[in-house]
Amino acid sequence: MLDLARLRALHAVSVHGSVAAAAAALGYTPSAVSQQITKLERETRTTLLERRGRGVALTDEARHLASTAEELLALVERAETTLEERRGQPTGQLVVGAFASSARGLLPGVLAELAALHPALDVRLREIDPHLSIDLVARGALDLAVAHDWDIAPLPAPEGVEQAVIGDDLCDVLVHVSHPLAARSSVRREDLAGERWICQPPGTVCHDWLVRTLRAAGCEPDLAHQAEENHTQVALVAAGLGIAMIPRLGRGPLPEEVRAVALEPAPIRRLYALWRTGAARRPAVTAAVDTLRHHWPKVATATATTTVTSGATTTAATTATTPATADAADRLGWQIS
């Protein structure tokens with residue numbers, strides 16, 4: 001009989017593309033994953049991995065077996081969901097994927113509350129770009145994802161994946177204190193023509209949004225510097241090397257050399273929780289989504305008060321973040337689609 005843990009390891013290599021990435025996702029060492037695959041090869045009397053350059057590739061037999069493993073893991077998930085539902089308490093392991101600024105600005109408080117309220121629940125966090133996390137949920141590599149979209153780039157949820165709104169995150173234009181726009185209370189998109197931009201690399205949600213937004217306003221952006229981390233972008237703005245458009249969540253207080261200027265109309269980044277339809281009844285998923293939505297108004301209010309314009313904290317930013325109001329959770333509801 002085939003060992004489920006070894007099939008899970010093979011499935012993880014199939015989903016994540018390498019032994020190292022699979023090990024990181026499973027919480028094992030690469031050596032442990034390799035040992036599981038080797039044992040599975042002995043069990044099946046089949047070569048499952050081939051050397052390709054510095055990495056490995058799945059053989060045709062391995063791809064078929066990984067597909068079957070995905071079906072078996074889905075059956076196991078349904079069985080675990082039924083048992084957990086009957087107990088009525090969140091238990092077991094819950095693997096959550098979240099994009100960087102939510103992992104920094106939202107998830108710490110959420111994970112701490114879940115640990116305090118549900119000691120039998122083992123939540124594991126993985127920092128993953130939204131482009132990847134949704135597919136990983138659909139394929140069973142993640143139990144829950146925190147992802148986002150923009151007003152001009154809606155989030156596609158594949159079949160078999162449900163989603164609920166967590167809240168809306170606003171975005172500001174960051175400029176150096178000596179920049180002509182630094183004294184403005186707000187700017188329009190047309191005012192940003194001819195600026196040198198600091199942004200995330202191509203292929204990320206924020207990069208695509210920035211390019212599409214400025215082109216829609218008739219501006220071809222000059223993307224002078226590209227950096228994945230928002231803190232790096234802020235440092236480049238502080239050095240006077242360009243301007244940036246950065247969301248408030250996870251951004252933190254700005255240095256004295258940087259001013260945040262509101263953009264009109266305000267760009268909105270909407271945060272979602274996503275999970276597989278088959279796990280919708282699982283108490284662990286319900287508890288995690290409820291906790292995310294419960295924490296968001298507090299986080300949104302805190303991020304708004306760190307927004308600085310012309311050297312002073314702006315209070316208008318608090319009311320601009322609609323879901324930061326006290327009744328946000330009731331107003332949003334689940335909004336499942």
Side-chain angles (χ1 to χ4, degrees), residues 99-102 104-105 148-153 168-270 299-322 324:
F99 60 95
S101 56
S102 68
R104 180 171 57 249
H148 67 81
D149 66 10
W150 291 92
D151 44 6
I152 64 170
D168 290 346
D169 184 25
L170 296 188
C171 185
D172 302 299
V173 178
L174 302 190
V175 301
H176 190 268
V177 66
S178 64
H179 194 283
L181 297 177
R184 300 269 295 270
S185 60
S186 66
V187 295
R188 298 190 63 82
R189 302 179 189 195
E190 295 79 7
D191 299 329
L192 303 175
E195 296 290 346
R196 286 169 60 85
W197 284 93
I198 300 162
C199 67
Q200 290 192 341
T204 58
V205 175
C206 292
H207 177 279
D208 295 346
W209 177 88
L210 176 64
V211 172
R212 291 176 61 179
T213 296
L214 294 178
R215 285 177 178 169
C219 311
E220 184 61 33
D222 178 8
L223 307 179
H225 305 287
Q226 298 176 8
E228 291 186 359
E229 287 292 330
N230 286 348
H231 288 175
T232 304
Q233 295 181 43
V234 171
L236 293 170
V237 173
L241 298 173
I243 69 173
M245 193 105 66
I246 300 182
R248 295 174 183 172
L249 177 63
R251 191 174 68 196
L254 298 175
E256 294 182 358
E257 299 87 354
V258 177
R259 297 289 180 265
V261 183
L263 182 62
E264 299 293 343
I268 295 176
R269 181 172 74 160
R270 177 156 290 180
V299 170
T301 300
T303 58
T305 57
T306 61
T307 299
V308 178
T309 303
S310 301
T313 300
T314 173
T315 56
T318 303
T319 57
T321 308
T322 306

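Note that the numbering runs from 1 along the sequence shown for the chain.
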Which atoms form the tightest heavy-atom contact between C199 and L210, and what is the distance?
CB-CD2, 3.6 Å
Sequence neighbours excluded, which residues qualify as side-chain contact (heavy atoms from CB on, under 4.5 Å) partners of H176?
S178, E257
Would you check if L192 and L263 make a side-chain contact, meaning some heavy-atom pair closer than 4.5 Å?
yes
Measure the CG-CD1 distance between L236 and I198 for me, rounded to the nearest 0.5 Å.
4.5 Å
Report all side-chain donor-acceptor pairs from residues 224-234 shorter than 3.5 Å, counting only partners two or more places apart or in another chain.
from : atom 1 : to   : atom 2 : distance (Å)
H231 : NE2    : R251 : O      : 3.4
Q233 : NE2    : A227 : O      : 3.1

CD of E256: more than 12 outside heavy atoms within 6.0 angstrom?
no
Are any of the side-chain heavy atoms of H148 and P247 separated by less than 4.5 Å?
no
Can you see which heavy atom on A266 is nearest to which on L170, and at what distance?
CB-CD2, 4.5 Å
Side chains of M245 and C206, heavy atoms from C-beta outward: is any pair under 4.5 Å?
no
For V187 versus V173, what's the shortest heavy-atom pair and its separation?
CG2-CG2, 4.2 Å
Let me see the working for D149 and R270 under salt bridge (charged side-chain N to carboxylate O under 4.0 Å, His left out), right down to the final yes or no.
CA-CA 6 Å; D149 66 10; R270 177 156 290 180; 5.9 Å; no
Does the pair V175 and V261 meet the rule for a side chain to side chain contact (heavy atoms under 4.5 Å, CB included), with working shown?
CA-CA 8 Å; V175 301; V261 183; 4.2 Å; yes
Side-chain heavy atoms of L249 within contact of R269, under 4.5 Å
yes
Is the closest side-chain heavy-atom distance between R196 and L223 below 4.5 Å?
no
For the pair R248 and D172, find out whether any cationic side-chain nitrogen is under 4.0 Å from an anionic carboxylate oxygen.
yes
For P265 against R189, the heavy-atom pair lying closest together
O-NH2, 3.3 Å
Measure the CH2-CG distance between W150 and D208 for me, rounded to the nearest 0.5 Å.
11.5 Å
Output all residues satisfying side-chain contact (heavy atoms from CB on, under 4.5 Å) with A193, sequence neighbours left out; order by chain, then residue number.
C219
Please give me the minimum heavy-atom distance between W197 and A244, naming the atom from each residue.
CZ3-C, 3.8 Å
Can you check whether R184 reaches R259 side chain to side chain, under 4.5 Å on heavy atoms?
no
Quick check: do H179 and I243 have side-chain heavy atoms less than 4.5 Å from each other?
yes
So, for A260 and L254, which heavy atoms are closest and what is the spacing to 0.1 Å?
CB-CD1, 3.7 Å
